[in-house]
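Reading through the structure tokens given below for one structure.
For clarity, every value in this text was computed on a predicted model and none was experimentally measured. Every chain is numbered from 1 and lettered A, B, ... according to where its sequence line falls, protein lines coming before strand lines.
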There are 2 protein chains.
Amino acid sequence: MKRTSRDIRVANRFEVLRHIIASATVSRQQIASDTGLSLATVSNLVGELLELGLLVEVGYQDSGGGRPRGLVAINPNGGVLVGIDVAETYVHVELFDPALTVLASVEEELHPEENRPDQVVAHVVSSVESALATAGVGHDRVLGAGISVPGQVDREGGVSVFAPNWDWHDVPLRSLLARSLDMPLYLDNPLRACVVAELWFGAGRGRDDVVVVNLGTGVGAGLAFGGALYRGATNSAGEWGHTTLVVDGRLCHCGSRGCVETYVGAPGIMQNLRDLAPNSPFLHTDDQTATIEALARGVADGDPVAAKVVTETARYLGVAVADLINLVNPEVVVLSSWVAGLLGDALLAEVRAVVGRHALRRPLAATEITLCRIAGNPVSLGAATFALERFLSAIGTNAGGLVRQT
Amino acid sequence: MKRTSRDIRVANRFEVLRHIIASATVSRQQIASDTGLSLATVSNLVGELLELGLLVEVGYQDSGGGRPRGLVAINPNGGVLVGIDVAETYVHVELFDPALTVLASVEEELHPEENRPDQVVAHVVSSVESALATAGVGHDRVLGAGISVPGQVDREGGVSVFAPNWDWHDVPLRSLLARSLDMPLYLDNPLRACVVAELWFGAGRGRDDVVVVNLGTGVGAGLAFGGALYRGATNSAGEWGHTTLVVDGRLCHCGSRGCVETYVGAPGIMQNLRDLAPNSPFLHTDDQTATIEALARGVADGDPVAAKVVTETARYLGVAVADLINLVNPEVVVLSSWVAGLLGDALLAEVRAVVGRHALRRPLAATEITLCRIAGNPVSLGAATFALERFLSAIGTNAGGLVRQT
DNA sequence: CTCCTTATTTGGGGGCTTATGATAAGCACG
DNA sequence: CGTGCTTATCATAAGCCCCCAAATAAGGAG
């Protein structure tokens, strides 16, 4: 954990850029007073980013009698970031400008039998090419690409160490993709991508200590401490789905019993429904998405069974979240991923109530619980943000190929 | 979370001093190669600490034909650190030299009715005075004092925000003590003191991500990330005792049910015993310590009931620790505090077995589980270490009153 | 006493920050 | 229109930090 003065520079660069993105258009003065950095440093950093073409000057703002403040904004033509979300059933690729606004979006389905690395790689390559074509952008304009794959990754090596759903072991994804995709490529997994997305663009903005609870088919808890993603000793922090919630509870595919996942993951919620109403019309056997969608509609329509399922799910989720709050004492807990997206406010309200009963008063008072409010796909956004972070870190090391465009 | 280049200096100072303490006597060369810092920086830092009198040169080491390496060590007369452990039933004060070797140790009992702040403060003051007298040290030699009190503290303000066992609310301990104790005073709680002690002198040395599981009457989990104590948003991270382990389980004094504490805290272990053998001779009603001690002897003597109690306790503790490992992915988990000390290896072995069955393979492989191996009282050691850290942080800010002694 | 080897210190360069002054750009007013 | 005032930005300097490399220090061997 060696720190150098360059890390400070990089952190400040993140801070300034993040601020400009958030404000759309802003003066140096404003940045300085908001970030606590000195005017000189801000001016210096802004100058550097202008030089690189990542920012543009966009006019002036009255200053009440003196020289007007120069306003800067992200240069929409400053380059392109690629965010790739590889999931079990699809490959989703998005192109972003440096403000992380979506320029193009492409999704290709992955059929169940298409799970060999070369097949997945082919889909990724064709999606990226097609997205670039749609947006009319050349490879030379790409600042970097981030790719998220499920499971355990070795991000330095660019290797998918283990992907449970496809039984991949040590697949050298970066090398495989590098043959066809000529751009810097950064690998990580969806949980961490979501955390980074929240830190830059969501509820984690400006917060130090953040927990992102991912509710999908599986569940996990992404962590950020001190304003930065926390990875743990071997980049596997956040394995929260197999936390024991009920001793001798439901059998989990991990072999254990009573895991959080078996109660609040999508299949767990289906089981909650089955336990309450075995013949419910909401139940679409073998289709998690359809079931959760049906439940969401049911809740919206005031169906009592649907409401009961949400309450029951929140009973488990709330306890588990309260445990997290007690342990980590975060500033904010974000409920993310598609299940949270569908069940939305109904789930949030119930979870808040349960947490209120189970968490300790003091940590609870410091914690906001919220839904993910990021528009679009937070995973591809986060993946692209990884690429942006890496690009920003490389500035000044004469390694980063700078893209000049005005 | 503003970082400056001075933070780097302070971190390196910590690193170097920690290394010298660990090595007892060591050359600059060795420090440099072990820490990865340059010779120049090490020389610079060592020079600074020599100047302050915290280190002394203690001879030379042959270098194979050239100039011999100068050896440095902690100056045993370089000043005195005070560590104060205020617990429910006693006040324990220890004096340390800058290598954190104990110079004197004093304990005064706190009677159950002596729980007013002024009474506790009086005991602290008299203990410190008596310790200083025993060691024959004047106030002027004290570099700083750290004090640990149970409960929630505001360490900047030096206020005990909430101490549940005595029902203290917002007691301004630092101000109260400052009237009689003329030394820099740092306040925190035992959980965090233990973590700092482990980071400097225990299993956490040189590790980035550490969990210290405290097993006493209550239980908690101290956390360190990136080599530094993690506090959370409001200095209350680590409240792990009230994590729900068994839904609808044993009633806890916090009002909830099934908290970890009710199974693995000392009263919980007594209950485990009662459940197995209601009339066991190990059971000393109303005396936790005696009961746990009796159990420990029973285990040593091969008593089957005692062994069963340990197994049963480990069944709960192991699951809870496995959950921690999955979530945090630490390099080491330390079992600390008096219950762990008494039950020792028997408990450790059982916990390891249970964790092996419940934790995920990859995080588990990266984690060592160990008992606290710090001799003496880790809380007063940690409290004194807080004082040392603060003293080291203040060097160069012309704020720290430097003590020059050779 | 000189040479050789190795350790330590010192000076310089480059990074970062903040502080300070110079310059730029607007407004107001005579 | 010019002068003075205000405010913004930029350039330079100064203070830390680190590291590198040359100079100096301190032994031993011949």
Item to check | Nearest-nucleotide comparison on DNA chain C, the residue closer to the 5′ end among B:Ser5 and B:Asn44 | outcome: B:Asn44
Checklist entry - Ring centres of B:Phe225 and A:Phe225 under 6.0 Å apart? => result yes
Checklist entry - Does a side-chain heavy-atom distance below 4.5 Å link B:Ile21 with B:Phe201? => result yes
Next on the checklist: Using whole Å, what does the distance between atom P of nucleotide C:dG15 and atom CD1 of A:Ile395 come to?
Outcome noted: 15 Å
Checklist entry - For A:Arg6 and C:dG14, what is the distance between atoms CZ and P respectively, to the nearest whole Å? => result 13 Å
Next on the checklist: Can you measure B:Glu57 atom CD to C:dA7 atom C1' for me and round it to whole angstrom units?
Outcome noted: 12 Å
Next on the checklist: I want to check one thing: is the phosphate of C:dT17, taken as OP1 and OP2, less than 4.0 Å away from some side-chain N or O of A:Ser38?
Outcome noted: no
Checklist entry - Which nucleotide, C:dT17, D:dC17, C:dG15, lies nearest any side-chain atom of A:Ile8? => result C:dT17
Next on the checklist: Tell me which pairs pass ring-ring contact (aromatic ring centres under 6.0 Å, His included) where either residue lies in residues 7-58 of chain A, with sequence neighbours left out.
Outcome noted: A:Phe14-A:Trp200
Checklist entry - Below 4.0 angstrom from OP1 or OP2 of C:dT18, is there any side-chain N or O of A:Thr41? => result yes
Checklist outcome for this item: In whole angstroms, the gap separating P of C:dT8 from CG of B:Leu50 amounts to 11 Å
Checklist entry - Should A:Gln61 and A:Gln29 count as side-chain neighbours, where that means a heavy-atom distance under 4.5 Å? => result no
Checklist entry - So which one's nearest nucleotide on DNA chain C is more toward 5', B:Ser63 or A:Leu45? => result B:Ser63
Item to check | Side-chain heavy atoms of A:Asn75 within contact of A:Leu50, under 4.5 Å | outcome: no
Item to check | Atom-to-atom span, CZ of B:Arg69 to P of C:dT5 - whole angstrom | outcome: 16 Å
Next on the checklist: Check this one for me: any side-chain N or O of A:Arg9 less than 4.0 Å away from OP1 or OP2 of C:dT17?
Outcome noted: yes
Checklist entry - How do A:Ser43 and B:Leu39 order along DNA chain D: which one's closest nucleotide is nearer the 5' end? => result A:Ser43
Item to check | Separation of D:dC10 C1' from A:Glu51 CD (nearest whole Å) | outcome: 14 Å
Checklist entry - Does any non-hydrogen side-chain atom of B:Ile8 lie less than 4.5 Å from one of A:Ile8? => result yes
Next on the checklist: From CG of B:Asp7 over to P of C:dC16, roughly how many Å is that when rounded to an integer?
Outcome noted: 16 Å
Item to check | side chain to side chain contact (heavy atoms under 4.5 Å, CB included) involving B:Ala32 - partner list, sequence neighbours excluded | outcome: B:Leu39, B:Val42
Checklist entry - Got a sec, which residues hit salt bridge (charged side-chain N to carboxylate O under 4.0 Å, His left out) with B:Arg174, two or more places apart in sequence or on another chain? => result none
Checklist entry - Taking all atoms of both residues into account, what is the closest heavy-atom pair of B:Val58 and B:Ala73, and its distance? => result CG1-CB, 3.8 Å
Checklist entry - Which ones in residues 23-32 of chain B lie close to DNA chain C, meaning a heavy atom under 4.0 Å from one of its atoms? => result B:Arg28, B:Gln29
Next on the checklist: Quick check on D:dC17: is either OP1 or OP2 less than 4.0 Å from any side-chain nitrogen or oxygen of B:Asn12?
Outcome noted: no
Next on the checklist: Distance check needed: D:dC18 C1' versus B:Glu48 CD, whole Å only.
Outcome noted: 14 Å
Item to check | side-chain hydrogen bond (donor to acceptor under 3.5 Å, both in side chains) contacts touching residues 225-234 of chain A (sequence neighbours left out) | outcome: A:Asp188-A:Arg231, A:Arg231-A:Asn235, A:Thr234-B:Asn329
Next on the checklist: Under 4.0 Å, heavy atoms only, any strand: does A:Gly47 hit a base, just the sugar-phosphate, or nothing?
Outcome noted: nothing
Look for any protein N or O under 3.5 Å of an N or O in nucleotides 27-30 of chain D and output each such pair with its distance, or none.
from: D:dG27; atom 1: N2; to: B:Gly65; atom 2: O; distance (Å): 2.7

